[in-house]
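Note that these values count all heavy atoms, side chains included, but never hydrogens, waters or copies made by symmetry.
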Amino acid sequence: MAGNDVFGMLSEDDKLDGTNYPLWSYMMRHVLVAKGFWNVVNGREARPTLPLVEQVGSDADTGEATGSGGSVDILGVPPTVEQTRWDGRDANAHALIALSVKHGIILHIRLCKTAKEAWDALASLNHVRNEARVAYLRTQLESKHMNEGDSMDEFLTKIKDFREQLASLDEVYPDSSLVPTVLNALPDTYQSFASTIRLMMKGNPNALTFDELVSVLLQEEQSRQNRTVMRIGDQAFAASQRGKGK
């Protein structure tokens, strides 16, 4: 963020583009708070109402009062000083919101009459997109499978990335669910190892965190690689000894 004027509060990269709502809304809330407009946007500071008067009608034929006798807004009068002040603050807040979104998002708020309407419209739009994105990411994470010979580090990095993307959308994927998901995604050669971990966790799904599982799996992969290297070395040594005996 750079500058303090209305037109320079956000850089081009900071503007809402449909994919960065959580970060954008966080930054914009602070911009609006700093400008003193947040209570107008969130609805806590409503537009002052018009003065109320008793409005009573009369029947020309009977001379009896025919109005309801209730209090009604005066129509056709200029706004009060308080209303004018609120309207100005709302217009400034509305301008900040409009200037903080990219052109493709403008169509979703161009008919909004107040800053609150614009803010709520963007929140609603994000909610719809958020649900679709969350469903997609959960499907991708839960269908991820590590093939034989794949790098354990690369596989776990992809799992972490899906989890972090979900977290950026305020979707928590708990360790108690993620650990079994990762164990089920391991190749067949790791399933005996995975079964040992499942037994350890039986009755206590929180016995192992995802970060702990990552450490355990990377150590197991390294141990397997070391055993492979040693086995190859032993085989090469045995072959050389047989060659000397001929």
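Cluster annotation: L125 is not connected to I97 through the hydrophobic network of ILVMFWY side chains, with a link wherever side-chain heavy atoms come within less than 4.5 Å. Residues M28 and V40 fall into different hydrophobic clusters, defined by Ile, Leu, Val, Met, Phe, Trp and Tyr side chains chained together at heavy-atom separations under 4.5 Å. Residues V216 and L156 fall within the same hydrophobic cluster, defined by Ile, Leu, Val, Met, Phe, Trp and Tyr side chains chained together at heavy-atom separations under 4.5 Å. Under a hydrophobic clustering in which Ile, Leu, Val, Met, Phe, Trp and Tyr are joined whenever their side-chain heavy atoms come within less than 4.5 Å, directly or via other members, L213 and M201 fall into the same cluster. A continuous path of hydrophobic side-chain contacts links M200 to L218 [ILVMFWY only; heavy atoms under 4.5 Å].
Results of the side chain to side chain donor-acceptor pair (under 3.5 Å) test with E131 over R129, H127, R133 single out H127 as the only residue that passes.
With rounding to the nearest 0.5 angstrom, the CG atom of L137 is 5.0 Å from the CG atom of L166. From K102, atom NZ reaches atom CG of D14 across 9.5 Å, with rounding to the nearest 0.5 Å. How far OG1 of T139 is from CZ of F162: 10.0 Å, rounded to the nearest 0.5 Å. The CG atom of D150 lies 4.5 Å from the CG atom of N147; values are rounded to the nearest 0.5 Å. One distance of note links CE of M152 with CD of Q225; it measures 9.5 Å at 0.5 Å rounding. Going from atom CE of M27 over to atom CG of L16 covers 12.0 Å, rounded to the nearest 0.5 Å.
In this structure, R138 pairs ionically with E171, as a charged nitrogen and a carboxylate oxygen lie closer than 4.0 Å. A salt bridge links R89 with E45: at least one charged nitrogen is closer than 4.0 Å to a carboxylate oxygen. Between R85 and E82 there is no salt bridge, since no side-chain N of the basic residue sits under 4.0 Å from a carboxylate O of the acidic one. Between E220 and R227, at least one side-chain N (NZ, or NE/NH1/NH2) sits under 4.0 Å from a carboxylate O, which counts as a salt bridge.
Taking all atoms of both residues into account, the shortest heavy-atom contact from N42 to K116 is O-CE, 3.9 Å. Minimum interatomic distance between A93 and V41 (heavy atoms only, all atoms of both residues): CB-CG2, 3.8 Å. Nearest heavy-atom pair, H108 versus C112, reported as atom, atom and distance to 0.1 Å: O-SG, 4.4 Å.
Side-chain N or O atoms of Q140 include none that pairs as donor or acceptor with a backbone N or O of Y136 at under 3.5 Å. Distance alone, capped at 3.5 Å, is enough to place a donor-acceptor pair between the Q191 side chain and the L186 backbone. With hydrogens and angles disregarded, no donor-acceptor distance shorter than 3.5 Å links the side chain of S177 to the backbone of Y173. Between the side chain of N126 and the main chain of Y21, no donor-acceptor pair closer than 3.5 Å is present. A donor-acceptor pair under 3.5 Å links the side-chain atoms of N20 to the main chain of D17, judged by distance alone. The backbone N or O of V31 sits nowhere less than 3.5 Å from a side-chain atom of W38 that would complete a donor-acceptor pair. Side-chain atoms of E148 come within 3.5 Å of backbone atoms of D188 as a donor-acceptor pair (strictly under, hydrogens ignored). For the pair S124 (side chain) and A121 (backbone), a donor-acceptor distance under 3.5 Å is absent. A donor-acceptor distance shorter than 3.5 angstrom exists from the side chain of N184 to the backbone of P180, with no hydrogens or angles considered.
Annotation: side chain of D90 is not in contact with side chain of F37 (no heavy-atom distance under 4.5 Å). At a threshold of 4.5 Å between non-hydrogen side-chain atoms, the residues T114 and W119 do not count as touching. Contact check for V182 versus K144: no side-chain heavy atoms found under the 4.5 Å cut-off. In this structure, E164 and S168 have side chains that are not in contact, with every pair of non-hydrogen atoms separated by 4.5 Å or more. Looking at L178 and I159, their side chains come closer than 4.5 Å, going by heavy atoms from C-beta outward. With contacts defined as side-chain heavy-atom distances shorter than 4.5 Å, the pair R47/P79 qualifies.
With hydrogens and angles left out, the side-chain atoms of D153 and S151 include no donor and acceptor closer than 3.5 Å. Side chains of D87 and Q83: no donor on one and acceptor on the other come within 3.5 Å.
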Stepwise, does the salt bridge (Lys or Arg N to Asp or Glu O under 4.0 Å) test hold for E221 with R224? CA-CA 5 Å; E221 180 187 51; R224 293 185 179 211; over 6 Å; no
Give the intermediate values and the outcome of side-chain contact (heavy atoms from CB on, under 4.5 Å) for residues R163 and K160. CA-CA 5 Å; R163 191 190 200 189; K160 287 181 183 178; 5.7 Å; no
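A cation-pi arrangement, defined by a distance under 6.0 Å to the six-membered ring centre and an angle within 45 degrees of its axis, is absent between R198 and F193.
Remark: H145 NE2 is packed, more than 12 non-hydrogen atoms of other residues, nucleotides or ligands lying under 6.0 Å away. Heavy atoms of other residues, nucleotides or ligands lying less than 6.0 angstrom from CD of E154 number 12 at most.
Partners of S215 under the side chain to side chain donor-acceptor pair (under 3.5 Å) rule, at least two apart in sequence or in another chain, are Q219.
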